[in-house]
Structures are given as C-alpha cells and as structure tokens.
S.K.: 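Please read through the structure below; I'll follow up with questions.
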Amino acid sequence: MTVIVRDLRPDVRADAEGFSDTRRLALPYMLSTPESVVHTLTHAHPDAHFGQLVAEEDGEIIGTAQISVAHESPEPGQGSANIYVRPGHTGRGAGTLLLRTAEERLGRLGVTKLFTWVLDEPDNRAFAERHGFRASRSAWFLRLDLAGGTLPPRQDPPAGVELRTAADFADDPRPVFELDAEASSDEPSDIDVDLTDYEAWIEETWKQPLLDRDLTTIAVVDGRLAAFSAAYTDGGSRYATAMTGTARAFRGRGLAKLAKNDSLHRARAAGYTEAFTGNDTGNEPMIAINKWFGYETCAKEIRYVRELG
Ligand SMILES: CC(C)(COP(=O)(O)OP(=O)(O)OC[C@H]1O[C@@H](n2cnc3c(N)ncnc32)[C@H](O)[C@@H]1OP(=O)(O)O)[C@@H](O)C(=O)NCCC(=O)NCCS
C-alpha cells in the first residue's frame, strides 16, 4: 500500500468529494463541500499560487493540503500549508509527503517563512515539531447548539441603525468589500492582511459557494455600512460565521453583537441546528461577544511557523 501525493483535479467529482470529506472528518468545525473545494482552487488569485494536494492510498483520498503564498501581506516571502490526514489513516506517511511536497513548491516560489495551523493534540504537535516548526499564536473553534440551546433575545436596532442582508447589496457589493477590508486588516494574525483587490475579493469571497448572502447580516448606520456578520452554510444543518467585523468608527456600540445575533436568529429560523465560529487568543472583544452568545470551545489550534531554506 503506497501513499502518493498529487494535485486535486477540479473537474473530477470524486476528488472534490474525497477532499471535502477528509477535511470535514479531520476538522469538523469548519465547513467544506465539494463545491467550495473546487471554487477555492479555481477562483484563487494567481499570485497566491494556491494549490490543493491530495494524498491517495489505493485510490482513496486520505490526506489534504492547501498551500499558498501570502500575496495579500505587505511582508513578502510568507506562505502557508495546512495539512489534514483522515482520522484512522495517520501514521502511513501521508502527512510527511504532503508537507514535503508543499515545502518544495512554496520554496521554489520564494517562500522563506511557512505557517501551518495544527490542532492542539499531542500527535499533531509532535509531527510539526519533528518537522522543524515552532509554535506561535493560538486560536479556538467554538460551537453553539442552535437547536437545543438559547440565543440572546433579538434586539431592536437603535435609532438610525438598519439591519440589511448581503443579498441586498448584490447589485453593488463594493461597500461590503470596503467594510470587510477594514475589519480584516485589524484582525489579529501572524500574517497581516491588506485587502485591496476588489475583483479578486468578488471572485474568492463574494462568489464563495459557502457564503450565504441571505443569512449574512449588515448593520447600516445613517446609510453607512458599519458592521457585518458573514454566514457560511453547507446545504445541511451546519452554519458557521466566516467573519464578524465593525468599521473602526463604529466599534464599542454593540453593532457586532447586533449583526451576529440577527444572523444567528435567522439561521435558527431557517433550520440550522449547529453554529461554529472561531477566535484568536487575545481578541478580547470577539471573545466577549462569543461568550455572550453562549458558544462553547470545541478545539484549540496552534499556528506553527518554520523558516525554509
Ligand atoms: C471584534 C469586533 C468585531 C467587535 O466589534 P464591536 O462592534 O466593537 O463589538 P460590540 O460593540 O458589539 O461588542 C464588543 C464587546 O467586547 C467587549 N470588549 C471590548 N474590548 C474588550 C477588551 N479589551 N476586553 C474584554 N472585552 C472587551 C465590549 O465591552 C463589548 O462587550 P459588552 O457589550 O458585553 O460590553 C471589532 O473590534 C473588529 O472588527 N475587529 C477586527 C476584526 C476582527 O478581529 N473580527 C473578529 C474575527 S474572529
């Protein structure tokens, strides 16, 4: 039984299904569908050199890697490789082969600093450390039971604040892009993000099949887009917050809570039973917001980094 690593073929349905199944089993807190896998690969910005690798054993996909150059960062030479092996199929060399392939490819593209997210379990951490990575920041996956749990009651927006959906901006999503760009640039991360390319954002983010524009809520204050909570859904029962953000001038007024609460209430009404979200350790306002909703932690992940060369 030999493990091989190759590129995902976006036109082969079994590849997209094997990829998303593996991701869902290894990382159940993030949504992944065959459509989102293909979209992410085929709509990525060319400068990202985005790749999706699969590890295959006897024709079955047992591991995945998403690799890219951090082209939106002002600091050159950074890249990432996120590797997940299907539970029950670890220890067969798939992770090592995926990582080696990722490092070779990204190294050829000028990446000298490689980041990877690792679920906080002893085997995973030992794997990363054996391969020369050192731990940096951490983040949490959180889950909220929408079916059995309780949500904070729905609030009426304060005077001058109107709640809209992303679908309301379908004719001209540029103000949504501008709000996302401002908030994303303030999100704590090892890799700074500077979203400047509107066309790329349309392709990658706005057209992402997981994005549920109807369930995405945007708080508008006197005609200006002030805060948003972006919803992903997978066509089943699972809902995830892709991003919550408030424009700097409007922070500390309860608008992120207002937008996220509206989106969660509408998701529950639409039949979604589980809501996932994430938090970087140290993002105190977002941690406070998620605590207020009653989210419970379900896993921790650690960002590891290694200098290539
Ligand atoms: C995080 C963010 C969305 C918050 O937006 P906001 O509109 O200011 O949030 P709200 O006013 O609805 O709620 C903020 C809560 O955080 C609390 N808070 C603010 N700073 C805090 C701190 N340093 N420590 C603890 N709590 C803090 C506030 O007191 C408030 O809670 P309260 O209503 O119980 O008092 C906004 O800061 C942002 O866009 N940041 C950049 C993007 C980002 O990091 N997004 C999260 C990605 S996971």
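First listed ligand is number 1; within each ligand, the first listed atom is number 1. Just so you know, these numbers come straight off a predicted model, no measurement behind them. Residue indices begin at 1 and follow the sequence shown.
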S.K.: With a 4.0 Å cut-off on heavy atoms, does Ala227 reach ligand 1?
M.R.: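 Contact check Ala227 vs ligand 1: negative.
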S.K.: In terms of atom number and element, which parts of ligand 1 are under 4.0 angstrom from non-hydrogen atoms of Arg253?
M.R.: 11 (O)
S.K.: Nearest 0.5 Å please: distance from the OG1 atom of Thr116 over to the CG atom of Leu114.
M.R.: 6.5 Å
S.K.: Among side-chain atoms of Asp7 and Gln52, is any donor-acceptor pair under 3.5 angstrom?
M.R.: no
S.K.: Please check: side-chain N/O of Arg238 versus main-chain N/O of Tyr272, any donor-acceptor pairing under 3.5 Å?
M.R.: no
S.K.: Once you round to the nearest 0.5 Å, how far does CZ of Phe228 lie from NZ of Lys260?
M.R.: 11.0 Å
S.K.: What is the closest protein heavy atom to atom 17 (C) of ligand 1, and at what distance does it sit?
M.R.: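 Its nearest protein heavy-atom neighbour is Ala288 CB, 3.8 Å.
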S.K.: Any atoms of ligand 1 less than 4.0 Å from a non-hydrogen atom of Gly252? List them with their elements.
M.R.: 6 (P), 8 (O), 11 (O)
S.K.: Can you check whether Asn279 has an N/O within less than 3.5 Å of an N/O in ligand 1?
M.R.: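 Between Asn279 and ligand 1 (N or O atoms, distance only) the closest approach is not under 3.5 Å.
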S.K.: Is there at least one protein heavy-atom neighbour under 4.0 Å from atom 28 (C) of ligand 1?
M.R.: no
S.K.: For the residue pair Ser263 and Tyr239, confirm or rule out a side-chain donor-acceptor distance under 3.5 Å.
M.R.: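 Checked: Ser263/Tyr239 side chains pair up, N/O donor to acceptor below 3.5 Å.
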S.K.: Can you pull out the closest protein heavy atom to atom 5 (O) of ligand 1? Residue, atom name and distance to 0.1 Å, please.
M.R.: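 That would be Thr246 OG1, 3.1 Å.
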S.K.: What's the spacing between Glu182 CD and Arg248 CZ if we round to 0.5 Å?
M.R.: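 Between Glu182 CD and Arg248 CZ, I get 4.0 Å after rounding to 0.5 Å.
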S.K.: Looking at atom 20 (N) of ligand 1, what's its closest protein heavy atom, distance included?
M.R.: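 Checked against all protein heavy atoms, atom 20 (N) of ligand 1 sits closest to Pro285 CG, 3.6 Å.
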S.K.: What part of Ile289, side chain from CB on, backbone N/CA/C/O, both or neither, has a heavy atom under 4.0 Å from ligand 1?
M.R.: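 Only the side chain of Ile289 comes within reach of ligand 1.
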S.K.: Show, in sequence, the C-alpha distance, side-chain angles and deciding distance for Thr281 and Ser138, and conclude whether the side-chain hydrogen bond (donor to acceptor under 3.5 Å, both in side chains) test is met.
M.R.: CA-CA 6 Å; Thr281 302; Ser138 59; 2.8 Å; yes
S.K.: Under 4.0 Å from atom 33 (O) of ligand 1, is there at least one protein heavy atom?
M.R.: yes
S.K.: Using only atom types and a distance under 3.5 Å, with no angle test, would you say the side chain of Ser36 pairs donor to acceptor with the backbone of Pro209?
M.R.: no
S.K.: For atom 2 (C) of ligand 1, is the nearest protein heavy atom under 4.0 Å away?
M.R.: no
S.K.: Rounded to the nearest 0.5 Å, what separation is found between the CH2 atom of Trp206 and the CZ atom of Arg213?
M.R.: 5.0 Å
S.K.: State the atoms of ligand 1, each with its element, that fall below the 4.0 Å cut-off from a heavy-atom position in Gly245.
M.R.: 3 (C), 39 (O)
S.K.: Name the orientation class of the two ring planes belonging to Phe293 and Tyr295 (parallel below 30°, tilted from 30 to 60°, perpendicular beyond 60°).
M.R.: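 If you compare the ring of Phe293 with that of Tyr295, the planes turn out perpendicular.
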S.K.: Heavy atom under 4.0 Å from ligand 1: found in Met243's side chain, backbone, both, or neither?
M.R.: side chain
S.K.: For ligand 1, indicate whether the residue Asn283 contacts it via side chain, backbone, both or neither (heavy-atom separation under 4.0 Å).
M.R.: side chain
S.K.: In the protein, what heavy atom is nearest to atom 45 (N) of ligand 1, and what distance, to one decimal place, separates them?
M.R.: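 Nearest neighbour among protein heavy atoms for atom 45 (N) of ligand 1, to 0.1 Å: Thr244 O, 2.8 Å.
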S.K.: With distance as the sole criterion, is a donor-acceptor pair present between the side chains of Arg266 and Thr217 under 3.5 Å?
M.R.: yes
S.K.: Among protein heavy atoms, which lies nearest atom 41 (C) of ligand 1, and at what distance?
M.R.: Ala183 O, 3.4 Å
S.K.: Provide the number and element of each atom of ligand 1 under 4.0 Å from a heavy atom of Asp186.
M.R.: 41 (C)
S.K.: At a 4.0 Å threshold, what atoms of ligand 1 neighbour a non-hydrogen atom of Met286?
M.R.: 1 (C), 46 (C), 48 (S)
S.K.: Please report which non-hydrogen protein atom sits nearest to atom 25 (C) of ligand 1, along with the residue it belongs to and the distance in Å to one decimal place.
M.R.: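 Looking only at protein heavy atoms, the one closest to atom 25 (C) of ligand 1 is Glu284 CB, 3.7 Å.
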S.K.: Considering both backbone and side-chain atoms of Gly278, is one of its nitrogen or oxygen atoms within less than 3.5 Å of a nitrogen or oxygen in ligand 1?
M.R.: no
S.K.: Has ligand 1 got any nitrogen or oxygen that is less than 3.5 angstrom from a nitrogen or oxygen of Lys257?
M.R.: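 Yes, at least one N or O pair falls under 3.5 Å.
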S.K.: Among all protein heavy atoms, pick out the one at the shortest distance from atom 11 (O) of ligand 1; state its residue, atom name and that distance to 0.1 Å.
M.R.: Gly254 N, 2.8 Å
S.K.: Can you report which non-hydrogen protein atom sits closest to atom 38 (C) of ligand 1, along with the distance?
M.R.: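 Sorting protein heavy atoms by distance from atom 38 (C) of ligand 1 puts Arg251 NE, 3.5 Å first.
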S.K.: Surrounding CG of Asp11 (heavy atoms of other residues, nucleotides or ligands, distance under 6.0 Å), is the total greater than 12?
M.R.: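 Yes - once you tally the heavy atoms of other residues, nucleotides and ligands closer than 6.0 Å, there are more than 12.
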S.K.: Ion pair present between Arg134 and Glu307, side-chain N to carboxylate O less than 4.0 angstrom?
M.R.: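 Result for this pair is yes, salt bridge flagged.
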S.K.: What are the two closest non-hydrogen atoms of Leu146 and Arg268, and how far apart are they?
M.R.: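 Residues Leu146 and Arg268, closest heavy atoms: O-CD, 3.1 Å.
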